[in-house]
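Report on the structure given below.
Each chain gets a letter, A, B and so on, in the order the sequences are listed, and its residues count up from 1. The model shown is predicted, which means the values in this text are computed figures rather than measured ones. All values below come from the heavy atoms of this structure, side chains included, with hydrogens, waters and symmetry mates left out.
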Amino acid sequence: MVVDNLMQWFESWTLWEAGSPLLFLIVVVIAGVPIFLLMAVNALVAVYAELKISAFMQDRVGPMGQGPGLHAGKWGLLQTVADALKLLLKEDIIPTLADRKLFIIAPFIIFVTPFIALAALPFNQNLLIADLNIGVFYILAVGSISVIGIIMAGWSSNNKWSLYGAMRSAAQIVSYEIPVALSIVSVIMLTGTLSMQGIISYQDGTTLGILPNWILFNNPFSFIAFFIFFISGVAEVNRTPFDIPEAESELVAGFHTEYSGMRWAFFFLSEYANMLIISGVAAVAFLGGWHSPIPGFLESPGWSLFWFISKVGMLIFIMMWFRWTFPRLRVDQLMNICWKVLLPLALLNIFGVGLWGLFVA
Amino acid sequence: MSEFLFWFMTAMTIGSALIVVLHSNLFYSALALVVTLFGVAGFYVFLWADFLAGVQVLIYIGGILILILFGIMLTNKISSVNISHSNFHQSIAAVIVLGIFSILGWMILRTPWLLIVQQEPEQTVGKIGRLLMTEYLLPFEVASVLLLTALIGAAMLSRKAN
């Protein structure tokens, strides 16, 4: 969408011939900068929210500065800015016995995957870098690359904590990809399209009289599919209660034990960006994307953006809520939940959605 | 633009494939295979097979390659960085490889390739699904039975005898 429009706009200037490489490069860069800014702002806001939410859940006040200077602003609002500055200034340490090349590349690979996945996430009717025919599938496929970065980071650190963290992460992500994909399949069976905008436009209107026609409310099976998707999604982004790849109390910090400064910040940025993507896909696939919760009410592009961001923000808040209320699972429990609970449920769900579509709808 | 991208992708695919074969460190070979598979996914995009490109990334990079990396880390001494492999019988291998290469090259050059009009299809997913469920149902089911057999076999082998 954005890329196509920019392309046409630039071509109308007639400075360049249509489809010239330079023009393509310029358009891609212009479309990419907002994604980068989005990732950075998302991390800044989410880290502050995480600090405050964790504090309130544990009956603390969290960061509370009183003014400018060294006090991190009113209510600690400048806390994450100070954190970011600290990370920029920190010494960059590469262990002597680490595999230098892979150690340097790994954070970038982990950072690039959410970056390219965000290109297919629609924020409202028009705000979407590219509306791909295979939208949802593209995001799922690209998301699976980040685990290669995690394995690279863990292995190249030459540290047993890192290596164990990377191996746990590989096993976890490969396993939880399956329920994620299968629960999305039950959505695709209803919509008949993989395109993100197509899935959203299917959810226009009302159902059961008052409820919005979201896939969540479409039938009992798609209702269950949302929870399968969200639980597996939390596991895929390595958040508590599924954070065994970086379990602090067992593995120091898992695969990023040896990283510091900016390189560590890349892991951090991409963790929050991954949360954004999982929440975004959940909002698009089950919660009506940028549609208003009251059908037909306040659906201009500006409000659509607001609805989408509120839905995503709500889901991110729930993830943080999980983190500060649930204890961490053991490795065997994690695998049991995936293979013995979520996977059979997801398969039954596909069957159920099919039957529902044939006999009830 | 697309021509430049095509040649870039070709160079990337072949170059990384050479690294897979020639690098002495098994871990690096596996990581170079990621780039090779990514390049192949890029070729699918050039052929307007967008779904196939997604499958390539999801299954080969996200699944199989990660299991390969996992296997490398599990089979060797876990804490040693020096996972290396060496190539034996290089002269015999060279003869076989050259033979296969020349047969393939001869075949590619001799085949009368069908050239279709360059036209972007509306969507590929629906058509692939319809063909799998109608014309190619039997091969599809045979493949799934084969995978199921492999799955059961793996479970049997990894099970401790009691």
Inset, instruction - Go through the atoms of Tyr138(A) and report whether side chain, backbone, both or neither lie under 4.5 Å from a heavy atom of chain B. - result: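 Looking at Tyr138(A), nothing touches chain B.
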Legend entry - For Gly62(B) against Ser144(A), the heavy-atom pair lying closest together: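 Closest approach of Gly62(B) to Ser144(A): CA-OG, 3.5 Å.
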Legend entry - Minimal non-hydrogen separation, Gly54(B) against Ala141(A), with atom names: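 Heavy atoms of Gly54(B) and Ala141(A) come nearest at O-CB, 3.6 Å.
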Legend entry - Neighbours of chain B found in residues 171-180 of chain A - heavy atoms under 4.5 Å: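 When heavy atoms of chain B are the reference, residues 171-180 of chain A contributes Ala171(A), Val174(A), Glu177(A) within the under-4.5 Å range.
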Inset, instruction - With sequence neighbours left out, write down each residue that passes side chain to side chain contact (heavy atoms under 4.5 Å, CB included) with Ile188(A), or none if nothing qualifies. - result: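 Checked Ile188(A) against side chain to side chain contact (heavy atoms under 4.5 Å, CB included); matches are Ile184(A), Leu194(A).
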Inset, instruction - Answer yes or no: are there more than 12 heavy-atom neighbours, outside Phe111(A) itself, under 6.0 Å from its atom CZ? - result: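 More than 12 within 6.0 Å, yes.
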Legend entry - More than 12 heavy atoms from other groups under 6.0 Å of OH on Tyr60(B):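 At most 12 heavy atoms, drawn from other residues, nucleotides or ligands, come within 6.0 Å of this atom.
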Inset, instruction - Take Asn133(A) and Val125(B) through the side chain to side chain contact (heavy atoms under 4.5 Å, CB included) test and state the conclusion after the steps. - result: CA-CA 9 Å; Asn133(A) 269 339; Val125(B) 188; over 6 Å; no
Legend entry - Residue Leu31(B) versus chain A: region with a heavy atom under 4.5 Å: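 Contact with chain A: side chain only.
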Inset, instruction - Sort Val57(B) into side chain, backbone, both or neither according to what part of it lies under 4.5 angstrom from a heavy atom of chain A. - result: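 For Val57(B), backbone and side chain are both near chain A.
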Legend entry - Separation of Met152(A) CE from Phe27(B) CZ (nearest 0.5 Å):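 If we round to the nearest 0.5 Å, Phe27(B):CZ and Met152(A):CE are 7.5 Å apart.
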Inset, instruction - Hey, could you give me the CD1/CG distance between Ile139(A) and Leu58(B), rounded to the nearest 0.5 Å? - result: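 Interatomic distance, Ile139(A) CD1 to Leu58(B) CG, rounded to 0.5 Å: 13.0 Å.
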Inset, instruction - Report yes if the side chains of Trp155(A) and Leu69(B) come closer than 4.5 Å at any heavy-atom pair, otherwise no. - result: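 Counting from C-beta outward, Trp155(A) and Leu69(B) never come under 4.5 Å.
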Legend entry - Partner chain A: residue of Leu67(B), Val55(B), Leu65(B), Ile61(B) with the largest heavy-atom pair count (under 4.5 Å):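 Most pairs with chain A among the choices: Val55(B).
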